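Heads up: the structure comes next, in structure tokens.
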Amino acid sequence: QEEAQAIDQELFTEYKFSVDQLMELAGLSCATAITKAYPPSSFTTSQPAVLVVCGPGNNGGDGLVCARHLKMFGYQPTVYYPKRPNKPLFEGLTTQCQKMDIPFLPEFPAEASLIDELYGLVVDAIFGFSFKGAVREPFGSILGTLQRVTVPIASIDIPSGWDVEKGKADGLQPDMLISLTAPKKAALHFTGRYHFLGGRFVPAALEKKYALNLPPYPETDCVLQL
Amino acid sequence: PMSSPQAFPLPSLPRKQPTVLVVCGPAQNGAIGLVCARHLRIFDYEPTIFYPKRSPDPLYRDFTTQCEKMDIPFLSYLPTEVQLINDAYNAVVDAVLGAEAEAGEGREPCAAILATLKHIRIPIVSLDVPSGWDVEAGSSSGISPDVLVSLSAPKQCARRFLGRQHFVAGRFLPYDVQKKFELNPPEYPGTECVVAL
């Protein structure tokens, strides 16, 4: 976890990347990976409906960017974003989604079965690699419901609620994981069908410094299936 | 910015090293060139940047830092000896002037740069508008790019484009903007961010 945070810090302070830049590239990777694993034509619901659950931090921001690109790629995303930071970045991302007619649910579906009926996929953008400690409401109940959902779940960077290094045996078991920048230790415990790498912005020097040993991305693709 | 490398897939380049010269002007078009150079580096090209007049905009200054930290060299001058450019690079990305330029062609250092670019023999990829062209009427005596990447939507002068490939990179335009300006964009394949016209 510390290494992931150190890499992020270097990208921002040494390389002068803005959070906006990296979040946009990360969110785009997520949408691209999802499109490869679950193309719109593969959905059994009448529309390729996707529920994107966004948490209170940067992982939620990644989710908002992802939702916007999913709309561009032909999906019908719906967002649930209960705790919104008071920062221009997140307000901007929210506006962009709203202006693209992406609905924001006023409340979380009460039953897992309702989610299964309405959506063909859930994107878990609740907690990322900075997550530590106890899960605060409303996310505890949300994760509880998501664990009972039968449609596939795609988690951004870390399955929410997992310890970033050790995983969580009784936690969320997503079908897809999109590791951003590099897989975190928790990814070793991932047992779903699809593991993608995204966030193709790591300079070669950083990759070497932290011995990330990332496999090469194909051509100009922004994702790589691991 | 992410679309330029698609015009020249790596294996097809004539020189042994995948070198590309990215010429960046003083305003937004130049900044887009900086972002393009960074992605070219990630895609394993060897970009070199010529950025004689740097914008004071903090965002663009950060783009410069990102390129520098990724070991992308910045030339201190552009050779006027055209053969040197032809020999050293496989292609030139023209990010000098965009649609917002007003008689930018006449001002230094753009005028000298464009004069040189008119005589090079390696392919030029122009970002949005071939630099020096009038954004509506085009130019009969200006540079002749091999590839044009129209940003958001083609500009009027694109009608006069005679090169090999014309790409549009405008997938991220919201639908209401597209409709409002009657852009009628083509279908983008899959998750691609560019489409060849």
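Every heavy atom of this structure was used, including side-chain atoms; hydrogens, water molecules and symmetry mates were not. Residue numbers start from 1 in every chain, and the chains themselves are labelled A, B, ... in the order their sequence lines are given, proteins ahead of strands. Note that the structure is a prediction, hence the values are computed from the model and not measured.
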message = Contact between B/Phe172 and A/His69 at the side-chain level, heavy atoms closer than 4.5 Å - yes or no?
response = yes

request  = Nearest 0.5 Å please: distance from the OG1 atom of A/Thr220 over to the CG atom of B/Asp44.
outcome  = 11.5 Å

inquiry  = What's the separation between atom CD in B/Glu68 and atom NZ in A/Lys16, rounded to the nearest 0.5 Å?
reply    = 11.5 Å

request  = May I ask you to check whether over 12 heavy atoms, not counting those of B/Arg160, lie within 6.0 Å of atom CZ?
outcome  = no

Can you list, pair by pair, the side-chain donor-acceptor contacts under 3.5 Å of residues 120-131 of chain A, counting residues two or more places apart and other chains?
residue, atom, partner, partner atom, Å
A/Asp124, OD1, A/Ile126, N, 3.2
A/Asp124, OD1, A/Ser160, OG, 2.4
A/Asp124, OD2, A/Ser155, OG, 2.6
A/Asp124, OD2, A/Ser160, N, 2.9
A/Asp124, OD2, A/Ser160, OG, 3.2

ask   = Between A/Lys36, A/Glu14, A/Lys99, which residue shows the highest count of heavy-atom pairs closer than 4.5 Å to chain B?
value = A/Glu14

task = Please look at A/Gln96 and chain B and tell me whether the side chain, the backbone, both or neither of the residue comes under 4.5 angstrom of a heavy atom of that chain.
result = neither

query = Of the backbone (N, CA, C, O) and the side chain (C-beta and beyond), which part of A/Met72 lies under 4.5 Å from a heavy atom of chain B, both, or neither?
reply = both

task = Specify the closest pair of heavy atoms between A/Met100 and B/Tyr175, including all atoms of both residues, with the distance to one decimal.
result = CE-CE1, 4.4 Å

remark   = Applying a strict 4.5 Å limit to non-hydrogen atoms, the region of B/Leu173 in contact with chain A is backbone

key: Positions in residues 188-206 of chain A that reach chain B, provided some heavy atom is under 4.5 Å away   = A/Arg200, A/Phe201, A/Val202, A/Pro203

key: Straight-line distance of A/Phe73 CZ to B/Glu192 CD, nearest 0.5 Å   = 9.0 Å

ask   = In Å, rounded to the nearest 0.5 Å, how long is the span from CG of B/Leu59 to CD of A/Gln21?
value = 6.5 Å

Interatomic spacing from SG in A/Cys222 to CZ in B/Phe43 - rounded to 0.5 Å = 8.0 Å

task = Counting only heavy atoms closer than 4.5 Å, note whether B/Arg41 contacts chain A via side chain, backbone, both or neither.
result = neither

